[in-house]
2 protein chains.
Amino acid sequence: MVTQRKTSPSPAVEAVDTRYLETLMGYNARRAALSIIEVFMERMSVYGLKVVDFSVLSLVTHNPGITSRQLCSTLNILPPNLVGIIASMDRRGLIERRPHPSDGRAMGLHLTEAGLALMKDAEQTAADLESDATSRLSATERKTLIRLLQKIYL
Amino acid sequence: MVTQRKTSPSPAVEAVDTRYLETLMGYNARRAALSIIEVFMERMSVYGLKVVDFSVLSLVTHNPGITSRQLCSTLNILPPNLVGIIASMDRRGLIERRPHPSDGRAMGLHLTEAGLALMKDAEQTAADLESDATSRLSATERKTLIRLLQKIYL
DNA sequence: TATTGTTATACTCTATAACTATA
DNA sequence: TATAGTTATAGAGTATAACAATA
């Protein structure tokens, strides 16, 4: 006898219906970002780098002499939260802080040889991770996805 | 005389070059997600809801009787961190916790009338926000973007 | 023995206020 | 007066361990 299940006032949920949330751009973007970042964190831990550490070092790599202020506004980090990151990279000998050529208040950030070697490996790891994370996308789809994401936030 | 600028050993960075980071899917997905969520947080604060609160209430709305365990696995939340959210929604009279029909350990979650009224407004706000956040996308691009994001995380 | 929900707690990330040195 | 960098600290978000009740 299974009639009881039919007359139960509040039956159990068997499969969760996520269709509504999946219509929301914010939900999808957040879930996709978190799933990539999860793998990113795992693989970057080999280098002792967190996600933001990698972003900072990458900007220093491609913008030698960049200042903390420029890093903050580019990456949307608050200045007090960058201090510890820079100090840590400095202690590890990955970056150097030299006087800014024209602004006595600022410091220009530069990669050391050790930092350059580490970032060469880290960026290779990031490239590998990219293909893994987007393995279900064609090359065209991948380019389209990045273009559309940039239309959202840029 | 401006020769000094040319011979300066480490010139200042004028415009930050972000081209490398912008080739990374994780970076783009994260930036896009954060820019949408920032607006989402602002507009949902009217209802006293955080991003996760909205997701939880939304799943309860479309899955009456859903359990905490199901919410956790669906939204990738850890059980201890859901307890306070559920308790808060309960205190505010937005949800009810009824005994689960077949599992004595679990509680089935249901929206109250007040919760239903609030979510009707909140989902309308979410819909408005969706069009604002994706205003630079065509309807087709919007559908494509969601489809490609789901290929990443689903 | 495994699972649901819970408490307590620790850790990380992000945000705010206030200070200094220089522009 | 405004800005770059810093300190201290508060708050939000996320993680782990351990427990009682039930499966």
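Side-chain atoms are counted along with the backbone in the values below, which use heavy atoms only and exclude waters and symmetry mates. Convention: sequence-line order gives letters A, B, ...; per-chain numbering from 1.
What separates CD1 of A:I77 from P of C:dT12 is a distance of 17 Å, to the nearest Å. The CG atom of B:D103 sits 17 Å away from the P atom of C:dA2 (whole-angstrom rounding). Atom CD1 in B:I85 sits about 11 Å away from atom C1' in D:dT14, given to the nearest Å. What separates CG of B:L78 from C1' of C:dT12 is a distance of 14 Å, to the nearest Å. Atom P of nucleotide D:dA23 and atom CZ of B:R69 are separated by 17 Å, given to the nearest angstrom. Atom CE of A:M41 and atom C1' of D:dG13 are 13 Å apart (whole Å). In this entry the distance linking NZ of A:K50 with C1' of D:dG13 reads 14 Å, nearest Å. Here the P atom of nucleotide D:dG5 and the CZ atom of A:R98 are 16 Å apart, to the nearest Å.
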- [ ] Show the numbers, then the answer: is there a salt bridge (charged side-chain N to carboxylate O under 4.0 Å, His left out) between A:R31 and A:E22?
- [x] CA-CA 10 Å; A:R31 293 302 295 257; A:E22 282 165 10; over 6 Å; no
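Ion pairing between a basic and an acidic side chain is recognised when a charged N comes within 4.0 Å of a carboxylate O; B:R69 and B:D103 show no such pairing.
Of the candidates A:D128, A:T125, A:D132, A:D132 is the only one forming a side-chain hydrogen bond (donor to acceptor under 3.5 Å, both in side chains) with A:R43.
Annotation: of the two residues near DNA chain D, A:R30 and A:T67, the 5′-most nearest-nucleotide partner is A:T67. When the nearest nucleotides of DNA chain C are assigned to B:V83 and A:V52 by heavy-atom distance, the more 5′-ward of the two goes with B:V83.
Counting only heavy atoms from C-beta on, B:A106 has its side chain closest to C:dG5 among D:dT6, C:dT6, C:dG5.
For A:R105 against D:dT3, a side-chain N or O and a base N or O form a donor-acceptor pair under 3.5 Å. For B:N81 against D:dA15, a side-chain N or O and a base N or O form a donor-acceptor pair under 3.5 Å.
Using modelled atom types, one finds no donor on one side chain facing an acceptor on the other under 3.5 Å when comparing B:Y20 with A:T61.
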